[in-house]
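Below is one structure, written out as structure tokens, with a few remarks after it.
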Amino acid sequence: AVTADGAGAAPRGSPEAFLDPDHLYNVLFVGDSHVGKTSFLYRLHADTFNPHLNATVGLDYQVKNIVVDNKHFALRLWDSAGQERYHSITKQFFRKADGVVLMYDITSEYSFSDVQYWLRCIQEGAEDGVAILLLGNKTDCAAERRVPTEEGERLAKAHQLMFYECSAASGHNVSEAMVSLIRLLKVHEDELKNKAAEVPKPLQKKKGCCW
Amino acid sequence: EYEEKTGRSHRPLSPKQNVRKNLDFEPLSTTALILEDRPANLPAKPAEEAQKHRQQYEEMVVQAKKRELKEAQKRKKQLEERCKLEDSIGSAVLTWNNEILPNWETMWCSRKVRELWWQGIPPSVRGKVWSLAIGNELNITHELYNICLARAKEKWRSLSIGGTEVECEDAGFSAADREASLELIKLDISRTFPNLCIFQQGGPYHDTLHSILGAYTCYRPDVGYVQGMSFIAAVLILNLDTADAFIAFSNLLNKPCQMAFFRVDHGLMLTYFAAFEVFFEENLPKLFAHFKKNNLTPDIYLIDWIFTLYSKSLPLDLACRVWDVFCRDGEEFLFRTALGILKLFEDILTKMDFIHIAQFLTKLPEDLPSEEFFVSIAAIQMQSRNKKWAQVKRMLIFDNR
């Protein structure tokens, strides 16, 4: 049973009330320009498609509260601008991420071949063992599809990534993909805790500091 | 008035006209049906009930009249305010056109003009004032714009044919940086103020925006197109003719702050953020401490604000007023505006945690009150221990070396 509640639905300016989530994760969205990162987040938050979204400049932020398997999860979602030029700005945020959603556009081969580039960025910037979801967006544009599902699957398998195809426009697989990612993040967190329990000195958590 | 008219035409014919007369009110649509006698096939209304209905009806009418009166007064007041505003804009236009613009060099830095400037430049002269204030240090002519545009068009043609040769010969940048190429511009144009519906495919300014951004990548291939530029060009297009918009655009981007950001010169950007923090701490020490505690660095919100010169995060009319003073005071006003925003929302922000602050500041409320906003900016002191913005910045640059 999954219920979702977009924090942004609360009136602007009021700190929203999802007291004491059981788990809190930072999730970074990366991928080429125009693959649909912001649209995906908008769908996740408002459950509609907004065709009138401004291009992202630098970073955008969103909070999402979601109940999965009877546990309250708070997600801090970081939406990054896709242009490569911005990477020197956004790369510092890789370090803070517990999970990364790497998005491409199934109607654009370019965006798919750039997945390799983004994977390198994640490798360089993020902590080892960061949970990665490879997400092919725009399944509603079936007629313009240039990247077969199998290619996405193959790439995901080769790099051991979680894989989904979705559509921010139709809503197809949007919450399913996020719920799976949350479960994966939870598994990673549990593993980390177990490891920490084995080591006498508690494992140091990621530092929140930038620059 | 319209409602009243339609109400009248729908008025049912009543045998009890006298009831209506002493009401002295034209009922809207069918609300007065309650006063009618029941149809003949039903038992007649007891007098008591009829009386009650009359009473209730009269009460409703009185309430409605009160409401209407109140609304009429409100409308009148709004109209008066608007007339007053239009009058003052009208007289400001005259002052700008007849006194200031013809004597720009001697007058622009006078106190009187500076004060008028702060009130906001009337839209009809805004473009002219911006052009003059931004200047044309680069000496760009309309011809140069046309040359750059012609080159951009050549590239688009060869791109659409599928050849990449033209790209490669161009300073060696483009081939590697596919995104800096004209493809991304195309994608971003439709994502520039999509709500206005004027820059999108088929919209009246689609081609203009495309041309200016394309011409700029040919004029400055070393900078190329960077996301955020489309918003700046769009605001200029709304206030200037195409070639003049290009001239203002190129000169604006050539200013040190804009160059630092659009070339993503990380070191310099950090210097700007550090200088900003000096004034942040000075002006809003409590909020500054709260941000520090939450590890909220200025890049989180300043990047979007500076890259788009607030055009994305503020309502467009407010953004234009910020631009007005930015043209007058230069980069320091961008940071002063940022502090003004933080000051305006200080109480709310001190109650939020990291992610909510970030979310709030990148999506500012749409109904930002403009007068309070500028009062809040005016209250920010751009002086820290007798040092002005430029001095603080210079010191920080020096320290970094």
key: Option in Thr308(B), Leu349(B), Asn195(B), Val226(B) with maximal non-hydrogen atom pairs under 4.5 Å from chain A   =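 Greatest number of close heavy-atom pairs with chain A: Val226(B).
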ask   = Between Ile355(B), Ile357(B), Leu361(B), which has the largest tally of heavy atom pairs under 4.5 Å with chain A?
value =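 When all of Ile355(B), Ile357(B), Leu361(B) are compared, Ile355(B) has the most.
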Can you tell me how far apart [atom1] ([X]) and [atom2] ([Y]) are? Round to the nearest 0.5 Å.
X: Gln83(A); Y: Met229(B); atom1: CD; atom2: CE; answer: 8.5 Å
X: His266(B); Y: Ile89(A); atom1: NE2; atom2: CD1; answer: 6.0 Å
X: His34(A); Y: Leu187(B); atom1: NE2; atom2: CG; answer: 5.0 Å
X: Asp60(A); Y: Ile303(B); atom1: CG; atom2: CD1; answer: 11.5 Å
X: Asp353(B); Y: Leu24(A); atom1: CG; atom2: CG; answer: 8.5 Å

Heavy-atom closest pair, residues [X] and [Y]:
X: Lys312(B); Y: Thr56(A); value: NZ-CA, 3.9 Å
X: Tyr225(B); Y: Arg85(A); value: O-NH2, 4.2 Å
X: Val57(A); Y: Asp304(B); value: O-OD1, 3.6 Å

ask   = So, for Tyr301(B) and Tyr61(A), is the gap between ring centers shorter than 6.0 Å?
value =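 No - the distance between ring centres of Tyr301(B) and Tyr61(A) does not fall below the 6.0 Å cut-off.
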inquiry  = Quick one, Arg191(B) with Ser33(A), criterion side chain to side chain contact (heavy atoms under 4.5 Å, CB included). Give me CA distance, side-chain angles, the key distance, then yes/no.
reply    = CA-CA 11 Å; Arg191(B) 302 194 293 164; Ser33(A) 242; 3.9 Å; yes
message = Less than 4.5 Å to any heavy atom of chain A: does that hold for the side chain of Thr192(B), its backbone, both, or neither?
response =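 When you check distances to chain A, only backbone atoms of Thr192(B) fall under 4.5 Å.
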message = With side-chain hydrogen bond (donor to acceptor under 3.5 Å, both in side chains) as the criterion, how do Gln92(A) and Asp299(B) come out once you've worked through the C-alpha distance, each side chain's angles and the decisive distance to 0.1 Å?
response = CA-CA 11 Å; Gln92(A) 50 160 329; Asp299(B) 53 321; 3.1 Å; yes
ask   = Near Lys186(A) NZ, under 6.0 Å, is it more than 12 heavy atoms from other residues, nucleotides or ligands?
value =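 Enclosed: over 12 neighbouring heavy atoms sit under 6.0 Å from NZ of Lys186(A).
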task = Count the heavy atoms belonging to other residues, nucleotides or ligands that lie under 6.0 Å from CZ of Phe345(B), then report whether that count exceeds 12.
result =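 Correct, the count exceeds 12.
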ask   = Is there a donor-acceptor pair under 3.5 Å between the side chain of Gln227(B) and the backbone N or O of Ala81(A)?
value =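 The answer is no, because no donor-acceptor pair under 3.5 Å joins these two groups.
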ask   = Sub-3.5 Å donor-acceptor pair from the side chain of Asn54(A) to the main-chain atoms of Phe193(B), do we have one?
value =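 Yes, the answer is positive, given that a donor and an acceptor are paired below the 3.5 Å cut-off.
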All N/O donor-acceptor pairs, side-chain side in residues 270-279 of chain B, below 3.5 Å, sequence neighbours left out:
| unit_1 | atom_1 | unit_2 | atom_2 | d |
| --- | --- | --- | --- | --- |
| Thr271(B) | OG1 | Gly267(B) | O | 3.0 |
| Thr271(B) | OG1 | Asn400(B) | ND2 | 3.0 |
| Tyr272(B) | OH | Cys257(B) | N | 3.3 |
| Tyr272(B) | OH | Glu331(B) | OE1 | 2.9 |
| Tyr272(B) | OH | Lys393(B) | NZ | 3.2 |

